[in-house]
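Right, one structure below, let's go through it.
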Amino acid sequence: MYAQVVVDISNDAVDRVFDYLALPTTQIGMRVLVPFAGRNVLGYVLGLSETSNFDPSKIKSIKKNLETIPRLKPEILDLCKFLSGRFFLRMSDCIKLALPSCVRLDNAREQIEYVCSLAMDLDSAINIIGKRAKSQLGAVAHLSEQGEVKLADLVSLFGRVAVNTLADKGIIIKTPLRRLRSPSVEINKEPKKTLTKSQQAAVDAMQGKNETFLLQGVTGSGKTEVYMTIIENALNQGKTAIMLVPEISLTPQMMSRFNSRFPNKVAVLHSGLSEGERFDEWDRIFTGQARVVLGARSAIFAPVENVGAIIIDEEHDSSYVSENNPRFITHDVAEFRARHNKCPLILGSATPSIDSFKRAKDGQYKLITLPERINGLEMPKIEIIDMINELLDGNSSPYSKKLIAKLDECVKNKKQAILFINRRGYASFVVCRECGYRAKCNDCEVSLVYHKEDNELKCHFCGKRYKMLTNCPNCHSANIRYGALGTERVVNDLKKLFPNVAIFRMDNDTTRGKDGHKKILEEFSHTTPSILVGTQMIAKGHDYPDVTFVGILDADVSLYNSDYKSNERTFQLVTQVAGRAGRAHNDGYVVLQTYAPKHYVYRFASNYDYLGFYDKEINLRQTTGFPPYSHILRILVSSVSENRAIETTKKIFDNAKKLKEKYGKQIIFLQAMPSPVKRIQTKYRYQILTRYTPNESITADFYSIADIIEKDVSIFVELNPNNLR
Ligand code: ADP
Ligand code: ZN
Ligand code: ZN
């Protein structure tokens with residue numbers, strides 16, 4: 001038998017299958033050790049065959065099978081093949097997506113724990129031990145009382161010598177037990193709810209169908225209950241389910257809801273797990289002990305079989321498009337698995353992406369709506385405050401009078417408020433008022449952000465820290481101006497305005513470390529009155545009944561992010577943040593501060609008019625020729641040497657121009673230029689940007705002209721990127 005093997009080396013030159021002589025026990029999907037270029041490397045068996053096209057005398061044999069049960073199940077192997085074709089990825093990189101490194105490289109193992117028990121009755125044991133060995137006597141007495149005791153506990157109580165002696169004499173037996181490292185979850189028992197008519201109708205429409213659905217339901221309309229019912233029905237038919245959420249909405253609340261509904265059946269996969277936890281969660285899925293997978297983007301690769309439902313919650317979220325290599329789009333992977341398993345794929349959101357909604361309109365997805373909040377609750381009123389008027393009225397602070405008044409009312413009523421500002425730190429930049437000097441990172445072409453708590457300037461691109469300026473390094477003036485406010489400054493100001501109110505901050509700085517989010521949210525949820533200040537991580541998934549007021553301090557930040565998705569993103573953000581208010585009573589209120597009060601994004605968002613927004617936006621995309629009416633493709637070339645970056649960009653651009661000739665008007669736009677952020681982590685970044693009528697062969701051609709190897713240069717192709725920096 002010959003085995004077709006892909007080696008675990010990220011290099012285009014070896015991105016193909018090699019034939020090896022299979023061992024008698026080699027199976028498709030196994031990890032194996034094979035001799036390759038003079039050493040033994042990890043490989044994956046993609047196929048087995050009776051014959052080979054290569055000279056049999058030159059074919060080497062697999063050294064070793066690394067497992068007895070193949071880790072790559074047939075569906076996952078097919079998925080990897082699909083991925084590699086769809087996203088122009090190397091097969092070995094696709095396998096890396098499917099097998100977390102702890103599994104792939106065996107660098108986390110199952111944790112074994114021993115328990116001890118008596119091998120005989122207590123009297124016989126005492127007889128053997130004799131009267132003098134006090135510790136040994138103590139240990140056997142303890143064991144006879146307890147039945148079974150963990151080895152570690154027994155050792156700490158009676159000492160290692162005594163325990164070893166007992167084991168050597170055969171008085172006690174040590175039994176190995178697998179200990180599962182599971183991420184801790186608190187489970188608040190939730191009674192199962194009777195679905196409303198529209199929830200039930202949604203379940204009936206989607207349950208068991210081999211189709212893709214777009215479930216549009218306003219925040220608080222009970223989408224999660226719909227998901228859980230569909231999952232429960234799937235489990236009752238002996239099937240499994242995958243539920244994806246954006247990383248930051250994997251809140252303790254969400255985990256608790258799932259664990260309470262499906263005790264012992266849920267495995268969680270997200271970036272906050274330790275290697276050991278990830279290994280055990282993955283293994284619980286692999287062996288079929290866990291049948292519901294709840295996780296962020298990469299959980300779509302979970303090795304569940306016989307899948308009965310796949311759900312992507314907050315489907316519009318940008319985290320579903322991975323920004324790093326290997327780059328993939330979660331929706332496409334999910335679609336593949338859903339069709340493979342003949343099960344429904346459900347994309348849920350209050351504010352679907354323009355792309356998904358268009359597909360629903362075109363009939364590619366089936367649209368299901370939940371137009372109302374549970375219990376007939378109204379959506380909170382959103383009031384738009386014109387910050388220019390505030391200025392003209394003599395209020396130059398970043399907080400409008402209405403915002404302060406509403407906050408005041410909220411805390412007087414012993415309720416909770418959420419303030420949203422999508423910027424962390426104290427001030428977005430520092431400049432000298434005299435000479436205009438601006439503090440920048442040495443390694444990146446960006447302004448440094450002032451963090452007052454640490455009295456430091458930090459680079460938000462590479463993490464480098466610098467001492468805060470006291471004087472301008474250029475002209476020595478002490479007259480320093482601060483840029484736009486961030487979360488730290490808001491907390492600082494609020495403490496002065498509301499000295500007796502608990503104020504919490506949630507952003508990338510305060511949530512570092514394991515369970516960082518959890519601690520802040522837990523404390524916030526138990527404290528009234530209180531105010532939570534945070535970046536977009538507060539926008540999702542939280543359901544706190546006492547939050548009655550939401551303030552959006554500066555929505556324009558994302559509006560003027562100059563890319564074609566900024567309208568869409570701002571609409572989604574405002575709707576999501578506003579949706580945190582008034583989830584239990586009709587007293588939700590939202591203040592939205594802006595310098596562009598008439599912008600259609602705000603007009604539609606404040607009326608919760610998704611359809612109005614969609615119509616306007618899709619028209620704009622069509623007339624200007626932006627996605628979904630076109631594809632945007634970027635070839636990013638980066639190098640520590642600016643010259644090398646420019647040269648390589650030119651080289652690729654010459655070929656790009658030939659494509660322009662080949663495809664003519666189908667290519668709407670093609671240009672080479674420095675990236676918006678010209679340097680990150682000491683690397684210069686140049687780009688070729690193109691826009692064309694969607695066409696697979698144009699995409700393939702651009703990928704292929706970018707597929708060159710240049711020393712000290714990295715080349716990265718992105719199709720419809722979320723973020724062009
Ligand atoms: P969404 O996911 O659309 O934001 P959720 O499923 O979280 O909405 O539901 C919002 C709130 O309403 C939650 O507190 C949930 O427990 C509650 N809820 C959902 N469905 C029902 C129902 N059928 N009966 C009573 N309460 C419900
Ligand atoms: Zn100066
Ligand atoms: Zn930097």
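Numbers for residues simply follow the sequence, beginning at 1. Values reported hereafter were calculated over all heavy atoms of this structure, with side chains retained and with hydrogens, waters and symmetry mates removed. As the structure lists them, so they are numbered: ligands from 1, and atoms in each ligand from 1.
In this structure, SG of Cys441 and SG of Cys444 enclose an angle of 110° at the Zn ion (ligand 3), rounded to 10°. At the Zn ion (ligand 3), the angle from SG in Cys462 to SG in Cys459 is 110° when rounded to 10°.
Counting heavy atoms under 4.0 Å from ligand 1, residue Lys192 does not touch it at all. Contacts with ligand 1 closer than 4.0 Å are made by no heavy atom of Val226, backbone or side chain. In Thr224, the parts holding a heavy atom less than 4.0 Å from any atom of ligand 1 are both the side chain and the backbone. Contacts between Lys193 and ligand 1 below 4.0 angstrom, taking non-hydrogen atoms only, involve the side chain exclusively.
In this structure, Gly217 falls outside the shell of residues with a heavy atom less than 4.0 angstrom from ligand 1. Put simply, no part of Arg373 is less than 4.0 Å from ligand 1, judged by heavy atoms.
Of the possible donor and acceptor atoms, one in the side chain of Ser349 sits under 3.5 Å from a partner among the backbone N and O of Thr351. Proximity of a side-chain donor or acceptor of Glu315 to a complementary backbone N or O of Ser353 within less than 3.5 Å is detected. Judged by distance alone, the side chain of Glu488 and the main-chain N or O of Lys452 form a donor-acceptor pair under 3.5 Å. In this structure, Arg634 contributes its side chain and Gln687 its backbone to no donor-acceptor pair below 3.5 Å. Not one N or O on the side chain of Asp554 forms a donor-acceptor pair closer than 3.5 Å with the backbone of Ile421.
Among protein atoms, those of element N, O or S found less than 2.8 Å away from the Zn ion (ligand 2) are Cys432 SG, Cys435 SG, Cys472 SG, Cys475 SG.
Atom 13 (C) of ligand 1 has its closest protein heavy atom at Asp543 OD2, 3.2 Å. The nearest protein atom to atom 9 (O) of ligand 1, hydrogens excluded, is given as Gly222 CA, 3.6 Å; this is a heavy-atom distance. When hydrogens are left out, the protein atom nearest atom 15 (C) of ligand 1 is Arg257 NH2, 3.7 Å; that is the closest non-hydrogen contact.
Tyr686 and Glu642 share a donor-acceptor pair across their side chains, judged by distance under 3.5 Å alone. Side-chain contact, Arg438 with Ser447: a donor N or O sits under 3.5 Å from an acceptor N or O. Side-chain contact, Ser641 with Asn643: no donor N or O sits under 3.5 Å from an acceptor N or O. Looking only at atom types and distance, the side chain of Asp546 has no donor-acceptor partner in the side chain of Thr528 under 3.5 Å away. Side-chain polar atoms of Asn236 and Glu232 form no donor-acceptor pair below 3.5 angstrom.
Each of Lys565, His316, Glu314 was checked for a side chain to side chain contact (heavy atoms under 4.5 Å, CB included) with Gln572, and the lone residue meeting it is His316. The residue from Arg685, Lys440, Lys683, Arg679 that alone fulfils the salt bridge (charged side-chain N to carboxylate O under 4.0 Å, His left out) condition with Glu445 is Lys440.
Shown here is Gln200, whose CD atom has more than 12 heavy atoms of other residues, nucleotides or ligands within 6.0 Å.
Checked against a 3.5 angstrom limit, the closest N/O atoms of Gly220 and ligand 1 fall inside it. Checked against a 3.5 angstrom limit, the closest N/O atoms of Thr219 and ligand 1 fall outside it. Here's the thing with Gln199: one of its N/O atoms is less than 3.5 angstrom from an N/O atom of ligand 1.
In summary, the atoms of ligand 1 found under 4.0 Å from a heavy atom of Glu225, numbered by their order in the structure, are 6 (O), 19 (C), 20 (N). If you number the atoms of ligand 1 from 1 as listed, the ones under 4.0 Å from a heavy atom of Thr194 come out as 22 (C), 23 (N), 24 (N).
Contact check on Arg424 versus Asp509 returns a salt bridge, with a Lys/Arg side-chain nitrogen under 4.0 Å from an Asp/Glu carboxylate oxygen.
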